[in-house]
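Notes follow once the structure below has been shown.
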Amino acid sequence: MKLNQLTIKELHKKLKAKEISPFEVATDVLSHVDGVEEDIHAYVSLNNNLLDDSKNVTEIDNPLAGIPIAVKDNMCTKGVLTTCSSEILYNHLPVYDATVVNKLKRQNYVMVGKTNLDEFAMGSSTENSAFKITRNPWNLETVPGGSSGGSAAAVAADMCIAALGSDTGGSIRQPASLCGVVGMKPTYGLVSRYGLVAFASSLDQIGPITKDVTDCAISLQAIAGHDNKDSTSLGVNTPDYRQALSAEVKGLKIGLIEELMVEGIQKEVKELTDHGLNLLEKMGASVGPVSLPHLEYALSAYYIIAPAEASSNLARFDSVRYGLREEAEDMVDTYKKTRAKGFGDEVKRRIMLGTYALSAGYYDAYYGQAQKVRTLIIDDFKKAFEKYDVLVSPTSPTTAFKIGEKATDPLQMYLSDICTIPVNLAGLPAISIPCGVDDKGLPVGFQIIGKHLDESTVIKAAYALEQEIGFKEKPKLLKRD
Ligand code: GLN
């Protein structure tokens with residue numbers, strides 16, 4: 001078995017025992033990437049110094065030392081192109097590292113490259129990238145999900161050992177689900193957003209995409225924690241998430257969200273969600289249905305709040321400070337020309353939606369109303385958590401869909417996140433783990449949602465289920481191995 005096929009935990013053990021070197025790991029990752037990247041298109045850019053960087057890792061004194069990890073290309077990397085898969089960030093070389101990148105550096109990780117995404121993380125298929133369409137390693141005709149599609153595809157295809165993604169409405173969990181890997185969105189504020197290019201600041205959260213739940217806990221441990229540079233960072237001490245890897249769910253109270261098991265959810269997705277629940281019940285958890293009546297309005301509220309925040313956040317791309325510059329007669333025309341050329345269709349759609357929702361005379365009717373709905377959804381979750389320790393649902397209503405299938409129908413695309421968006425609105429932690437494959441052999445994700453800052457219980461339930469399911473399938477592609 002090649003080293004790129006192993007997990008963080010497995011590699012760490014071998015590295016620590018000096019059975020292998022970081023250089024050997026990096027070599028296997030790189031040669032595999034060289035073989036399959038032309039099929040997958042997971043990366044916007046690769047780290048040309050990967051092998052040299054790996055040689056510089058001489059001490060294996062922490063879990064990520066010498067581990068090749070990929071970073072979504074909306075996180076700032078000092079001196080390394082950061083594009084958000086947008087033309088408007090043309091040639092942008094950040095002068096600082098995002099806090100998460102800094103934290104990984106402190107652990108002596110090695111960066112494989114920057115992964116592809118839907119432009120500014122707006123989308124659910126990675127088709128909105130200005131550069132390339134990432135393909136799902138399970139079936140190259142299908143999308144990997146989005147917006148962290150490059151990160152999820154790279155992990156699924158063993159083109160890195162783990163990756164970072166960002167999740168505003170599902171962008172870690174939905175691609176993890178479609179690519180058959182583990183993805184976790186932590187509690188809002190647990191992981192610093194400093195250096196993450198902002199999409200919707202009240203929803204954005206960085207999290208890990210990994211091959212299994214153990215690696216998820218290890219990676220979360222490395223990136224979580226308070227950061228003075230992010231005013232929304234929570235001032236809490238992080239527990240040891242690895243202690244949650246006990247597979248002990250006896251007595252755990254689990255609620256199945258009724259509203260997310262209705263019509264429109266693919267048959268196999270429903271069946272495998274029920275199957276996962278049965279397994280948890282057999283292991284001693286108690287399971288019951290729970291209703292969150294306002295989830296019906298979650299998508300509508302999200303598509304007001306997220307574009308409103310995006311329209312404000314994206315105003316900074318004015319051609320003056322960084323990125324693309326299309327010269328015109330005067331300043332206003334320079335802005336217009338630059339933004340017209342630099343932003344893709346979906347980004348423009350969001351800016352227009354958001355600007356409209358925030359404009360005088362409409363603010364209360366749209367933005368104000370959406371915020372009220374958000375409060376009702378938060379209250380729904382609070383009530384549900386009075387009775388249950390964790391809540392579950394499918395991660396995505398369907399498995400991976402065909403490239404192009406929803407690209408021209410924004411509404412259909414928006415529906416892909418129906419199960420994940422409510423969690424962001426409420427700022428809660430949630431994980432997606434693979435729970436089987438559908439009739440086409442495509443992976444299905446199982447979502448576990450936790451109480452505010454209760455990542456440990458989410459990880460515990462996920463780990464238990466993972467052990468019981470024993471999901472071992474791998475994408476068949478990897479033909480050049
Ligand atoms: N697909 C959702 C959107 O397009 C969520 C994206 C995300 O989480 N970044 O807004």
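We count residues from 1, following the sequence as given. Atoms within a ligand are numbered from 1 in the order they appear, just like the ligands themselves. Computed from heavy atoms alone, side chains included, the values below leave out hydrogens, waters and symmetry copies.
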Checking F131 now: which residues fulfil ring-ring contact (aromatic ring centres under 6.0 Å, His included) with it, not counting sequence neighbours? none
Just jot down the ring-ring contact (aromatic ring centres under 6.0 Å, His included) partners of Y335, sequence neighbours excluded, or say none. none
Using the ring centroid of each side chain, check whether Y362 and Y367 are separated by less than 6.0 Å. no
Residues D97, K105: salt bridge by 4.0 Å N-O rule: yes
With K114 as the cation and Y43 as the aromatic partner, state whether NZ or CZ is under 6.0 Å from the six-membered ring centre and within 45° of the axis. no
Under the ring-ring contact (aromatic ring centres under 6.0 Å, His included) test, residues paired with Y90 that sit two or more places apart: none
Heavy-atom contacts with ligand 1 below 4.0 Å: which residues, ordered by chain and residue number? A121, M122, G123, S124, S147, D167, T168, G169, G170, S171, F199, Y302, Y303, R350, D417
